[in-house]
Amino acid sequence: MRKAVEKSVPTNHQRLVHWVEEMAKLCQPDRVIWCDGSEEEKKRLEQEAVSTGELIELNKEKLPGCFLHRSAHNDVARVEGLTYICTCKKDDAGPTNNWMAPREAYEKASAIFRGSMKGRAMYVVPFCMGPIGSEFSKIGIELTDSIYVVLNMRIMTRMGQAVLDALGSDGGFTKGLHSKADLRMDRRFILHFPEDSTIWSVGSGYGGNVLLGKKCLALRIGSWLGRQEGWMAEHMLILGIEKPGSPVKYVTAAFPSACGKTNLAMVVPPEGLKRKGYKIWTVGDDIAWLRIGDDGRLRAVNPESGFFGVLQGTNSKTNPIAILTMRRNSIFTNVLLRPDGTVWWEGADGEPPTEGIDWRGNPWRPGMKDEDGKPIFAAHPNSRFTAPISQCPTYTDKMEDPSGVPISAIIFGGRHARVAPLVYESFNWQHGVYVGAQMASERTAAQVGKVGEVRRDPMAMIPFCGYNMADYWRHWLQMGRKLKYPPKIFHVNWFQTGKDGQFLWPGFRDNLRVLEWILERVDGEGDADETAVGYVPRSDRLDLTGLDLDQASMKELLAVDRREWLADLKLQEEFFAQFGDRLPQEITDEKDNLRKRLTT
Ligand code: GTP
Ligand code: SPV
Ligand code: MN
């Protein structure tokens with residue numbers, strides 16, 4: 001009997017096999033299934049998920065190969081309050097992470113994992129973050145009892161037998177264990193053990209909590225490994241911009257969750273800039289792994305192979321490339337189902353449907369209100385699509401380049417109704433690191449919590465940095481010293497509002513006008529005024545051809561309001577104080593220099 005089981009195990013990696021057996025003993029699934037990533041396996045899993053209602057097959061003509069999934073009502077976003085970094089020393093996790101001692105964490109979670117897969121299968125999902133064989137890449141194995149997770153991992157990562165083959169009989173890997181268990185909030189934990197390269201996630205079935213390659217490995221464990229091994233794991237899109245006659249220039253941009261990364265990664269030139277013939281290449285929309293190349297430049301790889309993108313507000317006007325990408329072989333999570341088997345969400349193309357089934361699975365009509373008189377949404381504000389990056393019209397095979405793409409500029413940004421101007425350039429790398437460290441942004445629906453509240457979110461990594469952020473900034477500073485050609489660092493803000501509460505900047509495709517100035521600056525061109533916060537473009541310097549924006553708004557967009565900045569400095573100081581002596585002196589120096597510049 002035992003022989004037969006062993007025979008079906010498609011690896012001779014004894015440590016891996018042993019760990020899978022141990023976890024199966026804990027979770028007690030009915031069977032253990034090793035995933036090979038084949039087309040046949042995909043079909044089989046889809047059929048099974050459809051038969052249990054875990055997935056709903058969508059209209060075969062209009063959305064071929066597409067499925068709808070509804071997650072539990074209490075399980076629709078990342079749960080930062082239940083996400084922990086479990087290091088031996090609390091200080092290594094730092095003041096911005098939840099911390100639990102490893103032993104306590106394993107014990108607590110084991111009690112929930114114990115027997116949690118009874119009556120279900122345990123899938124063994126071998127996955128690789130980054131191109132298989134690249135020095136950037138890392139292998140993980142996720143054990144899960146969710147077919148939704150397997151099918152998403154199949155899109156989001158390089159998954160299957162090829163990964164086991166690359167792992168060989170003794171390769172290193174991150175151990176991921178996931179079980180939906182009973183989906184109870186009070187029995188939900190997302191635990192990271194960077195010292196063991198282990199991730200345990202229990203009690204959730206939602207995206208960033210359970211697709212362990214994404215935020216858990218590629219950012220939290222990744223950032224830890226990056227510091228040890230001399231590279232960086234960042235919450236950044238990677239985008240190539242090609243001007244006719246010039247080589248493609250690549251930039252990365254770090255914006256907090258639901259603040260515009262996917263949109264910028266797929267930006268389409270606005271009418272007024274079309275004459276310039278720009279081409280855009282999408283390398284990644286959420287995560288970048290950065291290393292110093294032999295050429296002394298910063299090089300980036302997207303560790304993922306798919307998008308897990310926000311749907312609300314996504315339509316053929318705001319993001320046509322995303323709409324084309326998700327027309328087939330995609331998974332839609334928490335949207336409205338139309339009677340014809342297509343899907344809809346707030347801000348999608350076309351009029352709201354006259355009827356449908358909402359994200360909770362209830363009949364829905366436009367204008368419906370709940371008991372408190374609040375409108376009932378057709379889709380959850382954090383509803384998402386999962387789609388392969390290879391289907392993206394702006395896909396580039398540079399994505400597969402094992403040595404990554406060279407980065408010319410790093411762009412930080414947040415959702416900031418006030419304070420930050422549309423764009424500014426830092427004075428140098430050290431100042432740029434400070435610009436990233438002082439970032440603040442309004443909360444969005446991507447995480448459970450109060451939407452709109454401003455919080456500090458350095459480098460858009462506050463929920464994702466797997467160690468003490470003070471050490472993280474030190475690592476950034478060190479990387480800069482090692483780079484022969486450090487990229488220039490910028491800050492943007494697409495979200496300033498005017499007195500009427502409306503966005504001042506049109507955003508979306510018009511953001512390319514700002515990227516254009518950024519690339520000019522990279523080339524040592526582009527006029528700028530030196531202000532207290534950094535270099536700001538002269539208002540006539542952005543190419544606004546075809547854009548109906550009055551001079552007054554443009555001035556407001558580029559203004560640096562000293563009073564507001566000084567008020568914000570107070571909040572920064574409170575934030576930085578948490579790190580005590582561990583805060584790098586350079587950050588304090590940069591902050592003090594800013595105060596000086598603002599007051600003289
Ligand atoms: P995550 O996947 O959570 O990391 O989000 P993201 O950073 O990729 O954000 P995404 O591009 O999906 O955009 C999030 C929301 O912001 C969507 O509702 C977009 O329509 C909206 N958005 C994106 N870019 C802009 C912009 O330039 N201006 C405005 N006003 N809204 C934008
Ligand atoms: C984010 O919240 O930054 C996301 C979505 O990209 S999730 O996968 O849930 O983390
Ligand atoms: Mn993200």
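We number each residue from 1, following the sequence as shown. Both counts, for ligands and for their atoms, begin at 1 and track the order of listing.
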Assess whether a salt bridge exists between K249 and E242, defined as any Lys/Arg side-chain N lying under 4.0 Å from an Asp/Glu carboxylate O.
no

Check if T314 has a non-hydrogen atom at a distance under 4.0 Å from any atom of ligand 1.
no

Correct closest heavy-atom pair for N74 and L183 would be ND2-O, 3.4 Å

Pick one of side chain, backbone, both or neither for how T444 approaches ligand 1, counting any non-hydrogen atom pair under 4.0 Å.
neither

Side-chain contact, heavy-atom cut-off 4.5 Å: M236 with K261?
no

Return the minimal non-hydrogen interatomic distance between P353 and W344, and the atom names on each side.
CD-CD2, 3.4 Å

Please verify the inter-ring angle class for F575 with W473; under 30° counts as parallel, over 60° as perpendicular, anything in between as tilted.
perpendicular

Please examine the side chains of M469 and M461, heavy atoms only from C-beta on, and report whether any two atoms are closer than 4.5 Å.
yes

Looking at D286, which atoms of ligand 2 are within less than 4.0 Å of one of its heavy atoms?
6 (O)

Stepwise, does the salt bridge (Lys or Arg N to Asp or Glu O under 4.0 Å) test hold for R415 with D457?
CA-CA 10 Å; R415 202 178 265 271; D457 190 353; over 6 Å; no

Any N/O of W494 closer than 3.5 Å to an N/O of ligand 1?
no

Proximal ligand 1 atoms for H235, defined as those under 4.0 Å from one of its heavy atoms:
4 (O)

With a 4.0 Å cut-off on heavy atoms, is N511 touching ligand 1?
yes

In D286, what N, O or S atom is nearest to the Mn ion (ligand 3), if we give its atom name?
OD1

A student checking ligand 1 against R415 at a 4.0 Å heavy-atom cut-off should list atoms 15 (C), 16 (O)

Can you check whether N263 has an N/O within less than 3.5 Å of an N/O in ligand 1?
yes

Below 3.5 angstrom, do we get any N/O pair linking F495 and ligand 1?
no

Note: ligand 1 atoms sitting under 4.0 Å from heavy atoms of P256 are 7 (O)

With rounding to the nearest 0.5 Å, note down the distance linking CG in L217 to CZ in F173.
12.0 Å

Quick one: pull up OH in Y84 and CH2 in W99 and give me the separation to the nearest 0.5 Å.
11.0 Å

Would you say K261 and ligand 2 have an N/O pair spaced under 3.5 Å apart?
no

Atom nearest to the Mn ion (ligand 3) - H235, N, O or S atoms considered
NE2

Please work out whether the ring planes of H491 and Y424 are parallel, tilted or perpendicular, with thresholds of 30° and 60°.
parallel

Yes or no: does P506 have any heavy atom under 4.0 Å from an atom of ligand 1?
no

Per-residue contact class, S257 against ligand 1 - non-hydrogen pairs under 4.0 Å:
both

Between R456 and D568, does any NZ, NE, NH1 or NH2 come within less than 4.0 Å of an OD or OE carboxylate oxygen?
yes

Mind checking the CE-CZ spacing from M153 to R158? Nearest 0.5 Å is all I need.
12.0 Å

Which residue and atom name correspond to the protein heavy atom nearest atom 9 (O) of ligand 2, and how close is it?
G208 N, 3.0 Å

Strictly under 2.8 Å, is the Mn ion (ligand 3) approached by any N, O or S atom of G208?
no

Can you say whether the rings of F464 and H235 are parallel (under 30°), tilted (30 to 60°) or perpendicular (over 60°)?
perpendicular

Given K215, R384, K214, R78, which has its nearest heavy atom closest to atom 3 (O) of ligand 1?
R384

Protein contact of atom 9 (O) of ligand 1 - nearest heavy atom, named by residue and atom, plus distance:
G260 N, 2.9 Å

Suppose I only count heavy atoms of K214 and a 4.0 Å limit; which atoms of ligand 2 are within that range?
6 (O), 8 (O)

Just jot down the ligand 1 atoms closer than 4.0 angstrom to any heavy atom of G313, in number order.
20 (O)

Calculate, to the nearest 0.5 Å, the distance between atoms OG1 and CD1 belonging to T174 and I141 respectively.
9.5 Å

Can you pull out the closest protein heavy atom to atom 17 (C) of ligand 1? Residue, atom name and distance to 0.1 Å, please.
Q312 O, 3.5 Å

Between E271 and K274 (salt bridge meaning N to carboxylate O under 4.0 Å), is one present in this structure?
yes

Using heavy atoms and a 4.0 Å limit, tell me yes or no: is G309 in contact with ligand 1?
no

Show me which atoms of ligand 2 lie under 4.0 Å from any heavy atom of A446.
2 (O)

Separation between OG of S408 and NZ of K488, rounded to the nearest 0.5 Å
11.0 Å

Quick check: F490 with F412 (ring centres under 6.0 Å apart)?
no

Identify the closest protein heavy atom to atom 26 (C) of ligand 1: which residue and atom is it, and at what distance?
F508 N, 3.5 Å

Nearest heavy atom to atom 2 (O) of ligand 2: which of M156, R78, Q447 does it belong to?
R78

Under 4.0 Å from any heavy atom of D286, which atoms of ligand 1 are there?
4 (O)

Taking only non-hydrogen atoms of S257 and a 4.0 Å limit, the atoms of ligand 2 in range are 1 (C), 2 (O), 3 (O)

Considering only protein heavy atoms, which is closest to atom 1 (C) of ligand 2, and at what distance to one decimal place?
K215 NZ, 2.8 Å

Heavy atom of the protein closest to atom 4 (O) of ligand 1 (residue, atom name, distance)
K261 NZ, 2.8 Å

Identify, by atom number and element, the atoms of ligand 2 in contact range of H235, meaning under 4.0 Å from any of its heavy atoms.
3 (O)

Rounded to the nearest 0.5 angstrom, the CG-OH distance for L519 and Y250 is 12.5 Å

Shortest protein contact, atom 5 (O) of ligand 1 (heavy atom only)
A258 N, 2.7 Å

